[in-house]
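Worksheet for the structure shown next.
As the structure lists them, so they are numbered: ligands from 1, and atoms in each ligand from 1.
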Amino acid sequence: MNIHEYQAKTLLAQFGVPVPRGLLAETPAEARQAALQIPGPVWVVKAQIHAGGRGKGGGVVVCKSPDEVEAAAQRIIGMQLVTHQTGPQGKKVHKAWVEQGTNIARELYLAVVLDRGAQCLTVMASPDGGMDIEEVAAKTPERIFTTRLDGGHRIWPFQARALLFGCGLTPAQVNAGTALLQNLVRLAAEKDAVLVEINPLAVTVEGELMALDGKMDFDESALKRHPDIAALEDPEECDPLERKARELGVNYVRLSGYVGTMVNGAGLAMATMDAIKQAGAEPANFLDAGGGANEQMVAAGFEVMLSDPNVRGILINIFGGILRCDIVAQGVVNAARKVDLKLPLVVRLEGTNVEEGRRILRESGLNFETAASMSEAAHKIAALTAGGAA
Ligand code: ADP
Ligand code: MG
């Protein structure tokens with residue numbers, strides 16, 4: 001789960017990482033008030049969206065007076081901000097963060113990321129911050145230093161010092177940077193973050209270190225342990241279908257294809273998506289109805305899947321274990337009736353109460369095809385959805 005820069009900066013400050021003074025504004029008038037409360041002579045107005053590259057896209061504006069701050073907020077709040085991370089449609093800006101302008105001497109890059117391959121946190125640092133780190137990685141990878149924290153969720157001072165001297169900091173800055181890095185790692189470990197990124201970490205003209213940007217991503221499976229982090233979710237940033245699915249308790253991930261799928265069990269759902277691809281079609285979603293799903297949840301999943309306008313046909317692949325086939329069948333029938341389903345439907349049912357499930361489907365009057373295997377089901381739905389939009 002991603003959070004906004006202003007939320008990340010609040011967390012950074014809580015963990016002892018220096019950040020500029022700032023205030024949140026939802027209107028230009030609030031932005032002006034913020035500027036009056038924050039010492040000048042320079043302020044920066046920053047669009048709050050879940051995407052990087054805001055600076056280049058016009059979402060970060062340096063201002064020299066409260067009037068300019070108000071005018072910048074007027075432009076930014078409500079704009080559709082396009083950056084290289086938002087896609088061409090951009091993202092609507094609802095809030096702006098007004099902060100004190102920093103006199104920047106140099107910009108560094110710092111991040112703590114979960115390295116899934118190495119199964120530990122890894123710290124990355126580069127003297128070339130401020131720009132896309134992907135570009136540095138592509139062109140001058142030797143200028144990104146990494147240290148795996150495979151001795152536990154902590155960074156030893158010698159590890160931090162090696163990274164920071166590599167970034168060309170003075171001994172006094174390395175000392176401050178070591179404490180900063182230790183705090184950053186503590187934040188990542190305590191809050192179950194998979195990414196904590198500061199780009200840029202400014203070295204100010206006065207020689208201080210200051211986090212000018214903050215990007216954080218948290219492990220969604222760990223959010224139960226962190227109600228404070230879970231509360232930072234911004235519903236306006238989520239895919240509306242994924243949000244609806246979560247409210248209904250269904251595991252749903254939207255994809256870019258056109259075959260809607262409903263499967264029980266994450267492994268079978270992944271295999272089903274593979275089968276659809278092998279049959280030459282593209283899955284529109286991952287949907288795991290779960291082992292303990294009831295009729296209402298199956299119907300809810302169906303509803304979510306059908307709310308995606310790209311869906312041209314549906315494949316239901318259920319291997320009835322704890323989730324019984326008759327329950328799935330009843331859920332499907334209810335949902336299909338409710339939405340007056342016109343799209344092609346292929347159903348593969350096996351397992352507990354399969355006969356009863358098949359009977360319910362047969363007697364429902366629904367127009368659907370059955371398949372004896374996953375591969376057959378995938379080929380059938382691929383054929384039924386081939387050629388053009390619904
Ligand atoms: P993004 O990464 O989305 O482009 P940043 O927060 O990194 O947004 O801002 C882009 C650039 O704007 C930074 O690299 C920095 O040069 C400048 N900037 C950001 N915040 C400040 C600030 N408080 N004072 C001075 N310059 C800033
Ligand atoms: Mg940045």
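Between L361 and A329, the shortest heavy-atom contact is CG-CB, 3.9 Å. Residues G58 and L81 come closest through the heavy atom pair C-CD1, 4.3 Å.
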In a simple table, one pair per line, please give the protein and ligand 1 atom names for every N or O pair closer than 3.5 Å, along with the distance.
from, atom 1, to, atom 2, distance (Å)
ligand 1, 2 (O), D213, OD2, 3.0
ligand 1, 3 (O), G53, N, 3.2
ligand 1, 3 (O), R54, N, 2.9
ligand 1, 3 (O), R54, NE, 2.8
ligand 1, 4 (O), R54, N, 3.2
ligand 1, 4 (O), G55, N, 2.8
ligand 1, 6 (O), K46, NZ, 2.6
ligand 1, 6 (O), R54, NH2, 3.1
ligand 1, 6 (O), D213, OD2, 3.4
ligand 1, 7 (O), N199, O, 3.2
ligand 1, 7 (O), D213, OD2, 3.0
ligand 1, 8 (O), R54, NH2, 3.1
ligand 1, 14 (O), E107, OE1, 3.3
ligand 1, 14 (O), E107, OE2, 3.3
ligand 1, 16 (O), E107, OE2, 2.5
ligand 1, 20 (N), K46, NZ, 3.2
ligand 1, 20 (N), E99, OE2, 3.4
ligand 1, 23 (N), E99, OE2, 2.8
ligand 1, 23 (N), Q100, O, 3.1
ligand 1, 24 (N), T102, N, 2.9

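Of the angles at the Mg ion (ligand 2), the one spanning O of N199 and OD2 of D213 is 100° when given to 10°.
A salt bridge is absent between E355 and R359; no separation between the charged side-chain nitrogens and carboxylate oxygens falls under 4.0 Å.
Both I3 and L187 sit in one connected hydrophobic cluster of ILVMFWY residues. Membership requires side-chain heavy atoms under 4.5 Å apart, directly or through other members.
For Q119, the CD atom sits in a loose shell: 12 or fewer heavy atoms of surrounding residues, nucleotides or ligands are nearer than 6.0 Å.
Checking T83 against Q85 by side-chain atom types alone, no donor-acceptor pair falls below 3.5 Å.
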